[in-house]
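In this text the structure is predicted, and so the values were computed from the model without any measurement.
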Amino acid sequence: MSGAVGREAVFPTRQSLGLMKNKLKGAEIGHTLLKRKSEALTKRFRDITRRIDEAKQKMGRVMQIAAFSLAEVSYAVGGDIGYQIQESAKQARFRVRAKQENVSGVLLPTFESYTQDGVNDFGLTGLGKGGQQIQRCRETYARAVETLVELASLQTAFLILDEVIKVVNRRVNAIEHVIIPRTENTIKYINSELDELDREEFYRLKKVSGKKQRDVAAADAEILAARQKAAEEQAAHPEAVEKEEKETKDVLGEDEDNDVIF
Amino acid sequence: MEGLFFNINGGYVEGIVRGYRNSLLSGQNYSNLTQCETIDDVKLQLAPSYGDFLSSLPPNPSTSDLAGRMTDKLVSEFKYLIAQSTGSTAKFLEYMTYGYMIDNIALLITGTLHERDTRELLERCHPLGWFETLPVLCVATNIEELYNSVLIETPLAAYFKESLSHQDLDELNIEIVRNTLYKNYLEDFYNFVNTHPDFSGTPTQDVMAQILQFEADRRAINITLNSFGTELSKQERRKLYPEFGQLYPEGSLMLSRAEDVEGVALAVSAVADYKAFFDAVGLSQGGGGLGGMGGGPGDGKSLEDLFYQKEMDMSKLVFTRQFTPAVVYAWMKLKEQEIRNVTWIAECIAQNQKDRIGNFISVF
């Protein structure tokens, strides 16, 4: 795996090594944090799944009762009252309030239902016959709608949480399997490059010092030979020493020195 | 005496209706229906009585489609009857349709008040309540126009004239309008069967007076019970009570003062039948269980069920009389109950709620 992720395009310098080490540390912290978030969300998610299951079963029962109470109404009234009810309803009696709930940084909308008691638009429908059934049917349906609202908020939370959990898990996996190995690779690379540089430097220094020693040895031998020669010459012509000394004062003059090679 | 000349004009119609009566579902049919597993089975069981009308339904139709087709059959049979009848019998049959007209007009007024396209409302109208000028109601765009140009021409104008003006139509709740019209209609119908020379002193007057009185009382009681907890005031409520019937006038007065179910029970206690009903459903249940079919414990009968039962019994007894168009009325009521029964059974089957399937009223 680590071979496939490659490394980041950085110059193998000490500065970038420091950066990478910081990055690795950050990635590890982020990884644990995200992992914990994902676990919290998953826990919540399971809870919601369970509640959705319950709510759905409840909805099945309630809707059945509600549909049946509608059948009772049509039996009692002996006709279709749907149109009249649609027309006489002007204001919503059953209302829904939207709220937000914060689950480890995720905002989940929750719906809360409430009835406005003052609104009773079709109170007189079925005055002649079937009024009681209509009232009861309305109550049953109000309960059914309540269940639906509950289910709706759970389903919305379910979808949002599902999405968020996917994103978080993707991030966790990305950090675990891509960012951390890549950073580690980069650090390894930088380290190896730096080691290589160190070795090269060491070898070069060794070479330089070896050459220097050789030069110094050659220069020493030359000087020794020169001294010997001078001693011999002095022994032969003692006055020539003064001349030689005169010549050495001229070292900053026009005469060029030989280049010094290290 | 009335038998001497009745058959000249009304004999055919009566004979036809007696034939129709024989095709009503019997207890045996109902028990077969309750055994059904699917709507298709129900359809199959209904085939002897409703064959042609149900055959075009798709497999496993909805209960409302089923009820619609059954109503179609009722309507076509009734239209045949009304086409065959003459004179006072025809007038009697027309009176029977006025109740449906009231429903249709209430529907159209609701639509007009909310500025709906009234054309689509016409499809929802009950076909029995159809009259020639009904489509013209669509032309009217506001209530005043509706009243002045259209309602005036209809047979129902008299019912409007007595108690409602166009201002009322704008302001009043449509349910109150409907019930006021219905009250006027019942009174008019009652008056008609009692005073029309062809009917007074005949079995028609006998049975129809009884049935209409019962209908009036039932409406009064229902209105009272259903108005508890609504904004309908006692004065307004009182105006909706038909001014005849066994409860009128003392019972009606007491009903108009009743504030709870006990008050209603007290008001009707003068009439043995209604007292028995109230005792049967049990007053101790309070308001919640009274009107509901499923609300009451015990045999599951509610006040409304008992009323329907009583109505069916009365309708059944009408067939013991001869030489009267009242059999048509009785047959209509029985048929409507049958449609509701079948709808109920189909609904129970469709929703898999078999435990309450027996909650219908079998007459024969």
Side-chain angles (χ1 to χ4, degrees), chain A residues 56-94 115-144 147, chain B residues 63-64 67-68 71 100 103 106-107 110-111 113-114 116 121 124 126 173-176 178-179 182 218-219 222-223 225-232 237 240 287-295 302-305 307-308 336-337 339-341 343-344 346-348 350-353 356 359-360:
Chain A
K56 279 200 170 163
Q57 283 178 7
K58 187 179 166 200
M59 184 194 71
R61 285 194 304 274
V62 172
M63 287 308 272
Q64 196 175 20
I65 295 169
F68 198 67
S69 72
L70 187 62
E72 278 178 8
V73 168
S74 59
Y75 178 80
V77 180
D80 189 17
I81 53 161
Y83 185 78
Q84 197 191 341
I85 290 192
Q86 279 167 34
E87 287 303 328
S88 56
K90 293 184 202 72
Q91 272 185 304
R93 175 182 155 88
F94 192 91
T115 48
Q116 214 152 37
D117 289 329
V119 183
N120 193 356
D121 271 341
F122 52 99
L124 288 179
T125 306
L127 189 62
K129 51 183 176 179
Q132 309 267 335
Q133 275 87 347
I134 291 173
Q135 292 302 321
R136 218 180 31 252
C137 181
R138 185 177 72 171
E139 279 158 26
T140 335
Y141 266 98
R143 275 205 298 281
T147 320
Chain B
T63 49
S64 55
T71 313
Y100 302 98
D103 282 347
L107 184 70
T110 318
L113 278 178
H114 294 90
R116 290 302 161 98
L121 296 179
R124 297 167 181 269
H126 197 289
N173 188 308
I174 190 66
E175 263 312 295
I176 297 177
R178 184 208 299 268
N179 282 293
Y182 212 89
R218 181 168 78 162
R219 282 197 86 80
N222 270 336
I223 287 173
L225 285 177
N226 290 334
S227 69
F228 293 148
T230 62
E231 66 265 37
L232 192 67
R237 198 166 78 196
L240 301 179
L290 258 180
M293 293 198 313
S302 70
L303 198 61
E304 217 139 325
D305 283 347
F307 277 134
Y308 275 131
E336 277 181 350
Q337 179 65 34
I339 292 172
R340 294 191 308 116
N341 283 343
T343 315
W344 173 254
E347 200 76 55
C348 285
Q351 297 189 17
N352 221 353
Q353 297 255 358
R356 298 260 302 281
N359 217 329
F360 56 85

Inset, instruction - Please report the shortest heavy-atom distance between B/Glu347 and A/Ala71, naming the atom on each side. - result: CG-CB, 2.9 Å
Inset, instruction - Counting only heavy atoms closer than 4.5 Å, note whether B/Ile339 contacts chain A via side chain, backbone, both or neither. - result: neither
Inset, instruction - Give the minimum heavy-atom separation between A/Tyr75 and B/Asp305, together with the two atoms involved. - result: CE2-OD1, 4.0 Å
Legend entry - B/Arg178: partners by salt bridge (charged side-chain N to carboxylate O under 4.0 Å, His left out), with sequence neighbours left out: B/Asp103, B/Glu175
Inset, instruction - Output the residues of residues 61-70 of chain A for which the shortest heavy-atom distance to chain B is under 4.5 Å, in residue-number order; output 'none' if no such residue exists. - result: A/Gln64, A/Ala67, A/Phe68
